[in-house]
Amino acid sequence: MVPTSYYLVLSAVLFGLGVIAFIFKRNILTIFMSIELMLNAVNLAFVSFSRLLGQLQGQVFVFFVIVVAAAEAAVGLAIIILIHRNRGTLDVENVDSLKD
Amino acid sequence: MPVLSYLWIIPLLPLMGAAANGIFGGRWQKKVITAVALSSATLAFLLALEAVREFLTLFPNQIPWIRTYFTWISAGGFQADFALQVDQLTVIMLLVVTGVGWLIHIYSTGYMQDDPGYRRFFSYLNLFMFFMLVLILAANYLLMFVGWEGVGLCSYLLIGFFFLKQSATNAGNKAFWVNRIGDFGFLLGVLLIFRTFGSLDFATVLPRAAGMTADPAGQIGTLTAIALLLFVGAAGKSAQLPLYVWLPDAMEGPTPVSALIHAATMVTAGVYMVVRSHAIFLNAPVAMQVVGVIGCVTALFAATIGLVQTDIKKVLAYSTVSQLGYMFLACGVGAFGAGIFHLMTHAFFKGLLFLAAGSVIHAMGGEQDMRKMGGLRKKIPIAFWTMFVATLAIAGAPGFSGFFSKDEILNEAQVISPVLWGLGVLTAGLTSFYMFRLLFLTFFGRQRYDEHKVHVHESPRSMTIPLIVLAVLSVCGGWMAAPQLMGGVNHFEQFLAPALVTGAEPAAAAVESSGGGGEILQALLGAPVIAGLLGFLLAWWFYIKSPEAPKKLADSLSPLYKLFSGKYFIDELYQAAIVRPLVWISDKILWHAVDERAIDGAVNGVAFVSRESGDRLRRANTGNIRSYATWIVLGVVVFTSLLLWMVD
Amino acid sequence: MITPQIAMFLVLAAVTVAGAVSLILQRHPIHSALSLIVVMVALAGLYLLQGAEFVAAVQIIVYAGAIMVLFVFVIMLLNAGEEERTNVSRLARFVGVPLGVVFLAEVAYWIGRATSHLGSAPAETVSTRDLSTLLFREYVFPFELTSFLILIALLGALVLARREESN
Amino acid sequence: MFPPLQDLYRIAPEIVLCGFGMLVMLLAPVVSKARHDLLAGISLVGAALALVATFYPARYPGLAYSGLFRADSFSLFVHWIVCGAAFLVILGSIGYLQRDDLDAAEFCALILFATAGMGVMAGAHELLTAFIGLEMSSIASYILASYRRDAPRSNEAAMKYFLLGSFATAFFLYGIALSFGATGSTHLDLMTPLANDSAHTLLKIGLGFIFIGLAFKVAAAPFQLWTPDVYEGAPAPVTALLSTGPKAAAFALALRIMASIDAAAPLWFWALWVAAALSMFAGNLSAIVQTSVKRMLAYSSIAHAGYILVALTAAAATDHPEEGIAAALFYLVGYALVKMGAFLIVAHLGGPGERLVDIEDFTGLARRQPAMAACLSLFLLSLLGLPITAGFLGKFYVFNAALESNLIWLAILLALNSVIGAYYYLRVIVAMYMREPAAEIVAEPVPWTLSAVLWIAAAGTVFAGLFPARIIDFAAKAALNIR
Amino acid sequence: MQQTYLLSVLTFLPVAGTMALLLLRDDDHLWIRRLAMTTAGVEFALSLLLLRGFDAHAAGYQWEEFRTWIPQPPIHYHMGVDGLSLFLILLTTLLTPISILASWKSIDQRVKGFFISLLVLETGVIGVFVSLDLFLFFLFWEVMLIPMYFLIGIWGHGRRIYAALKFVLYTMFGSILMLVAILWLYRITAVAGYPTFDVSQLQALLSNGTIALPVSTEYLLFGAFFLAFAIKVPLFPLHTWLPDAHTEAPTAGSVMLAGVLLKMGIYGMLRFCLPLFPGAARQFAPYIAVLAIIGIIYGALVAMVQVDLKRLVAYSSVSHLGFVVLGIFAFHQISIQGAVYQMLNHGISTGALFLCVGMLYDRRHTHLISEFGGIATPMPVLAALYLFSCFASAGLPMLNGFVGEFLILAGTFQRHADWASWAALGVILSAVYLLWSYQRVFFGSLTQDKNGTLPDLDTRERGILFVMAAIILWMGIGSPFFTRRTEAYTQNVLQLMRRPQAYNAGGLPKHGSGSMYLDHAPVTLPGLDTAAYAGVANSVKLK
């Protein structure tokens with residue numbers, strides 16, 4: 001059988017990669033994707049924990065997370081569209097009129 | 001005892017006069033003002049006489065006669081009452097102050113006739129009378145200090161009376177400040193007295209002080225400290241070295257003021273105070289020596305300056321300083337009685353001198369430089385004769401008042417130390433020299449003024465009468481001591497003695513007994529008289545016989561002459577050594593450097609630093625979310641590491 | 001020793017990580033999106049491996065299917081081009097990315113260290129019934145809330161995306 | 001298997017809020033645009049009713065929905081704050097919405113939903129429920145932040161808030177996952193580490209991440225950088241909401257976790273300490289150099305988060321956390337009132353498009369609109385912490401708590417910071433009262449709704465500043481019943 | 001104790017006045033002035049009642065009012081008057097109408113606001129003097145800042161905003177630390193089992209040894225309190241806010257500032273620092289005395305070289321208050337009485353000086369000495385009264401200044417002859433800077449012909465200054481009237497400073513306990529299993 005720690009480490013790695021992506025990417029869309037990546041990592045953690053502990057909650061949480069992700073996606077994409085509409089760019093680094 | 005029991009009336013009268021004139025006088029015309037001022041002074045004098053009469057009827061055990069009217073200050077264990085006291089010493093001072101003061105009031109009505117500040121002048125003058133009376137009637141040191149400061153105030157006001165003149169106001173400030181330095185000493189002395197005796201009443205302090213064992217010679221014990229501190233005050237008020245500098249400048253004031261305040265009464269307050277505290281001084285040998293030496297040196301020092309002054313009032317001013325020196329010399333050698341005696345006679349003849357000089361100036365239309373006078377003998381005979389009498393008196397011509405007092409002082413000094421005596425005699429010679437110089441320059445020789453510019457005229461009666469009265473006093477003011485020469489008793493001393501024997505063993509009395517009883521001839525041919533004579537002859541030689549002589553002498557001894565005429569450059573010294581540095585330090589260092597740079601700089605610095613750091617901090621908000629995310633991750637890493645590594 | 005499951009896991013894990021890395025490295029958002037989809041599919045596989053079939057299914061259908069399609073759709077809509085590697089924020093570039101790596105290392109290390117000894121749990125498959133009972137009994141409250149969450153999302157999309165009728 | 005009635009009672013406020021939210025949404029299409037202020041009125045009623053509805057949880061306290069939700073005096077207190085905030089924001093923004101003709105319907109609906117989310121956070125007794133509540137309020141706020149669709153700054157604010165917010169949420173969620181793994185449960189009262197020795201580390205990381213997620217929400221340094229941008233860019237009424245409701249809810253959640261999970265407090269103590277200190281300085285110092293009042297207030301709210309964190313630190317430091325908790329709650333009340341008022345005033349004075357929010361534009365306000373200036377001064381003074389205002393007593397209690405836990409140094413830092421704060425608050429007063437206006441600005445008439453809000457806020461501030469007894473007593477009760 | 005309301009009335013009457021003012025139209029200046037004046041007048045009249053009913057021999061507080069205000073932490077609305085505060089209140093109620101009169105004409109901008117601030121200020125100050133609860137005290141202490149801030153900032157001159165900010169920030173810096181100290185003290189009492197903010201109770205607890213502060217704690221507490229008060233006084237080197245504030249403030253502001261606000265610092269020292277922390281006070285007395293003496297001399301010297309009259313007077317305040325602080329920290333009954341008396345004197349004579357300067361300013365709109373010269377010719381009356389005030393503040397006998405200074409010196413000299421001797425130097429210097437500036441302003445011939453036409457004082461101004469002069473004279477001659485009433489206080493404070501060797505614990509009824517809410521019965525709501533809630537307070541296990 002596969003030791004749980006493998007899954008957990010994998011989820012940690014994915015989460016970390018998500019974080020790196022968030023900082024590294026410039027396109028708002030991809031940044032948003034990196035958030036999705038992080039959420040997925042969390043899901044993995046949930047699933048493997050639920051399996052480890054033999055409790056189903058973990059898996060239930062995954063549904064909730066997915067729903068939340070969906071909601072965020074709807075709103076986030078709408079905001080992104082607005083940004084693109086008003087500024088004609090998706091590069092976060094050009095969206096910095098609010099500062100200091 | 002109508003007056004003695006209501007003693008407060010005497011000082012109150014002049015105060016009322018001052019208040020009335022000062023506050024309401026604006027609307028009154030001159031007559032009323034004159035009436036108010038004069039009546040208050042006159043009444044005060046009359047009541048003083050009555051008081052003296054009543055005093056003479058008292059039994060010895062009722063003396064000192066003390067009346068307490070109300071509590072002025074009381075806090076914790078401390079209490080100072082508004083209490084007046086009369087004893088022999090007070091009586092003398094009372095007569096001098098009210099009497100001379102009264103005369104000078106009269107004189108002033110004439111002298112200030114045309115001055116716009118007439119009302120102001122008289123309210124000040126009355127106020128002065130009030131404070132002076134408080135000073136001498138006070139029954140404790142604190143109330144005495146009230147009068148002490150008060151007369152200082154009035155002197156400030158009256159010196160700066162012509163406040164449009166820069167020099168006058170400067171002189172006023174100088175007088176007040178220098179006096180304040182003295183008062184600083186006096187105040188500390190008073191504090192020390194309170195700390196030592198737990199009270200400030202003469203009636204408590206002096207007997208105790210007398211009862212204490214004297215500080216060993218050459219050492220500074222409590223009593224000596226007190227005595228010295230008090231003497232600092234005295235030196236300030238009575239213009240002794242090194243605090244005399246204000247008195248010559250004080251001549252900026254109107255002449256009657258110079259006569260009353262800066263010759264007859266206020267400046268002698270120091271002497272009075274020392275005599276009043278003689279019980280303390282007697283047990284403080286070091287202090288006694290200091291007083292004597294300072295007095296003697298001042299006498300000589302001022303006399304030398306007086307030799308070469310050309311301003312008639314300046315001469316008199318320095319002579320005043322010198323004479324005050326005599327009085328302190330007397331105190332220093334324990335002859336307090338003699339000191340007071342000289343104080344009195346000096347009040348007569350020096351007051352007279354000033355008033356006469358005043359009427360000369362009046363006659364000359366304000367001219368004070370003797371070199372521009374001369375030959376006034378015929379034009380203003382009264383001024384001349386009175387002044388002549390006064391000169392004889394101050395020069396110590398036998399029979400005149402000055403003769404007795406000065407002679408006595410020197411006798412006493414002789415007993416204590418020949419050196420002091422020698423210097424005293426020398427001073428006597430100088431005194432008669434500069435006084436006759438003044439007389440000759442002013443009244444003899446050819447007239448050195450322009451007949452058409454100034455028409456010399458005799459003063460109005462209001463001015464001449466006081467002159468004559470004072471002249472009479474200057475002649476016979478000293479006769480009370482005369483019998484002594486015939487081996488009799490010195491009535492003055494005898495009268496004063498009870499006030500001076502609060503001490504367990506009155507040194508004064510001892511000295512006196514040893515000093516007394518010389519016979520006439522010795523006295524008449526005594527060194528002082530000789531010296532005086534020499535001085536007179538010298539003056540006659542210089543200013544009548546060969547008027548060009550002084551010039552020659554001045555050239556031959558030019559450095560000495562410069563030193564004298566430059567007043568030993570003491571003022572310049574003070575300016576350079578004290579005043580300017582103080583101002584510079586306060587301005588450049590304390591204010592600008594410390595206050596503005598250092599302290600405020602620090603305060604504003606804090607504000608600046610926080611603003612700067614704020615500016616740095618807000619730079620973190622680049623507006624770029626990638627950097628924000630970086631910060632967040634930074635926080636995450638730090639905090640998780642904190643948790644994982646640190647916390648456990 | 002490598003059991004089939006472990007081998008399976010390793011493969012899937014490799015795919016996931018590769019997908020994630022390519023998500024980072026791809027310049028064109030569409031490629032990133034696709035690599036994300038890869039990640040999700042692989043994750044679904046991992047769920048299956050752990051016997052969470054239903055979750056795996058949802059993962060494929062909702063996540064990869066619905067959400068990512070939405071992404072792709074938006075990318076097309078805005079025809080977002082390649083992202084040019086601007087580097088306005090030096091902080092992010094020189095501090096942020098390394099920090100990210102540090103973070104990854106730290107968390108992975110600690111979790112690995114902490115759970116290394118846990119060993120493995122049997123992969124008995126979860127019955128959907130139990131899942132649903134749990135969801136509709138215990139967790140009915142958050143479940144209801146999620147409905148409002150979606151309502152909010154709808155509202156948001158409505159508010160934000162619609163154009164002013166005025167212009 | 002319908003949930004028992006009591007459970008419904010216990011979430012009555014949320015039901016009311018969501019119900020009215022939906023009602024407004026349903027009415028929106030049928031009511032003509034012109035009459036949308038009617039809908040605002042309806043949602044106002046909703047908020048008010050929600051306040052009233054808190055009577056039920058007060059009447060039937062206890063755990064609901066198999067222990068996911070908990071109604072007690074603590075959640076009650078927080079409910080009052082958030083519902084009150086919602087009420088005031090809606091009332092205060094009516095005029096604003098009309099002026100900038102923004103649609104009132106969705107605006108109010110979103111506020112109601114967000115508030116419901118906050119309510120859930122306040123009462124949540126289980127982490128995932130809390131998470132859902134958090135998401136409700138957050139997502140709603142993302143939308144609200146970009147409510148001025150065609151204002152680039154508004155969108156930008158929304159974008160930043162959204163991306164960073166979800167970023168932080170991911171951490172929060174990961175934290176939940178890890179602590180779930182460590183304790184085998186997400187019910188706050190059951191979360192004790194499992195016997196195995198992996199649990200401790202996992203719980204550490206988990207709670208650490210949860211802390212970070214919450215710290216982000218309450219705008220505590222070093223997670224605060226989004227705050228000024230978002231607060232400045234978002235429409236001022238939304239800023240008013242953001243700076244009060246969600247913050248209060250997040251603090252409530254943090255307190256709840258801290259008090260319920262035994263491991264949390266000692267783990268968080270140092271983090272709280274550092275965050276408090278950093279936030280105070282970061283907020284105050286950067287606020288000094290601001291030229292825009294709106295942004296300055298944003299920074300000041302960071303500083304105030306720091307002050308409240310001091311109270312939390314105090315609570316974490318002792319086994320008698322009541323004083324810390326009570327202080328935090330009281331502070332939140334005063335703070336919410338004041339910040340609400342201040343931002344609404346800025347919203348009004350900003351004029352169409354909120355262009356006039358610089359200090360320069362406030363010069364001579366005392367002449368133009370004395371009442372307005374007086375109110376703003378009162379609020380600023382309260383933020384500055386001068387007596388007879390709620391702000392002072394808030395600080396007073398925070399100090400008290402800090403000292404009770406022997407956090408002398410933190411107290412002294414707090415003291416220094418309130419002096420620094422004085423500097424920039426007074427600068428605004430200087431501008432309003434002591435400078436002559438640079439440019440001539442025409443004063444707009446104040447809509448009665450806004451003035452009503454301002455009066456309420458001002459009165460509340462002074463009242464709480466003079467007679468805090470009731471409030472602090474209830475806060476104390478809440479603190480005692482937090483678990 | 002019998003409940004009276006006089007103190008509350010005194011405290012809040014001015015605020016009531018401001019409420020009335022708010023009803024008036026903004027431009028109805030005449031009636032605004034009249035109303036303000038009436039309020040202040042009535043206030044003064046009422047405050048005289050205090051004097052009448054005051055029992056000079058009672059040691060404790062009189063006219064006490066005691067009501068519970070905030071139950072947790074136990075904060076009481078506790079007011080009372082003793083010899084210390086009595087005359088300070090009278091001073092306040094006297095100076096307020098005076099400054100209203102003084103600004104009758106000179107304030108024509110935003111008149112309403114001005115008088116409102118002035119009256120609120122009065123409330124704040126009186127509140128400070130009457131409150132016997134640390135919390136209440138601090139409340140008034142801070143409230144008072146705001147009106148003053150406005151007075152300086154709105155109606156001031158020149159760099160008024162800088163000055164106002166400086167004033168507030170300086171004061172706040174001190175007072176916020178004091179707040180921390182207050183709370184710390186409260187915690188200590190709470191832990192000891194007697195939680196209280198009540199001043200008299202604290203004094204009792206500490207002096208009868210029920211609570212013994214650890215030395216280091218006492219030092220820190222003393223430091224925090226003293227810092228706040230020293231800034232207010234102000235004590236060198238914390239004085240630099242004063243010259244700015246004074247120079248820029250309007251006349252009324254300066255009068256209140258110098259007359260009353262500075263006294264709050266002294267009051268604080270006497271009311272709190274000495275009785276509560278005698279050990280620390282004794283420990284630090286030498287250093288404080290040195291600072292005070294530096295202040296005396298430094299202030300005088302800097303005043304000497306000022307070019308701006310108001311600045312000069314401001315620095316003279318630094319010098320004078322140095323005397324007061326010295327007197328306090330000599331711990332001698334005489335000197336403390338002197339200090340109390342001297343702060344009244346300073347209020348009057350410096351107030352008078354500021355009024356005079358203000359009258360000059362009204363005519364010429366400048367404070368620069370160089371702008372004047374020879375003013376005595378056109379304005380003899382002002383010249384006379386100004387000189388009078390100068391001598392009052394220079395400590396001329398028979399005027400008020402002397403009595404205070406002398407008592408301070410006399411008392412100090414008993415213990416520390418050296419301190420007194422140094423301090424006495426101030427007596428010389430004060431004469432120097434006052435008379436020198438006076439000469440430059442009033443004496444000599446007119447330097448500028450526009451000064452030649454200045455009108456002399458009108459009836460209102462004369463009235464003001466005559467009143468001040470009369471008081472100066474009275475206080476100079478009739479000092480026992482005051483000292484008799486402050487005697488009991490000084491004895492009391494020195495009594496409180498003695499600490500018994502043996503502690504008699506349980507001197508007071510023990511109520512409450514360490515934590516703020518432990519005496520709250522844990523609240524149990526129906527429907528909850530009360531077990532989970534019982535004794536919650538202790539059950540939260542944190543380490």
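Note that the structure is a prediction, hence the values are computed from the model and not measured. Values below: all heavy atoms of this structure, side chains included; hydrogens, waters and symmetry mates excluded. Just so we're on the same page: letters track the sequence lines, and every chain starts at 1.
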Against chain D, work out which of B:G623, B:S613, B:A607 has the most heavy-atom pairs shorter than 4.5 Å and name it. B:G623
Heaviest contributor of heavy-atom pairs below 4.5 Å to chain D, chosen from B:R616, B:R611, B:R619, B:E612, is B:R611
Of the listed residues (B:V636, B:V638, B:D615, B:T640), which shares the most heavy-atom pairs with chain D below a 4.5 Å separation? B:V636
Which bit of D:Y299 is near chain B, if near means a heavy-atom gap under 4.5 Å: side chain, backbone, both or neither? side chain
Using non-hydrogen atoms only, which part of D:F269 is less than 4.5 Å away from chain B: side chain, backbone, both, or neither? neither
Side-chain donor-acceptor contact under 3.5 Å, B:D183 with B:W148: yes
Using heavy-atom distances under 4.5 Å, tell me whether D:L163 contacts chain B through its side chain, its backbone, both, or neither. side chain
Any donor-acceptor N or O pair under 3.5 Å, side chains B:S627, B:T622: yes
Please work out whether the ring planes of D:W226 and D:Y231 are parallel, tilted or perpendicular, with thresholds of 30° and 60°. perpendicular
Between D:R153 and D:D229, does any side-chain N to carboxylate O distance fall below 4.0 Å? no
Taking D:K294 first and then D:D358, would you say they form a salt bridge - that is, a charged N and a carboxylate O separated by under 4.0 Å? no
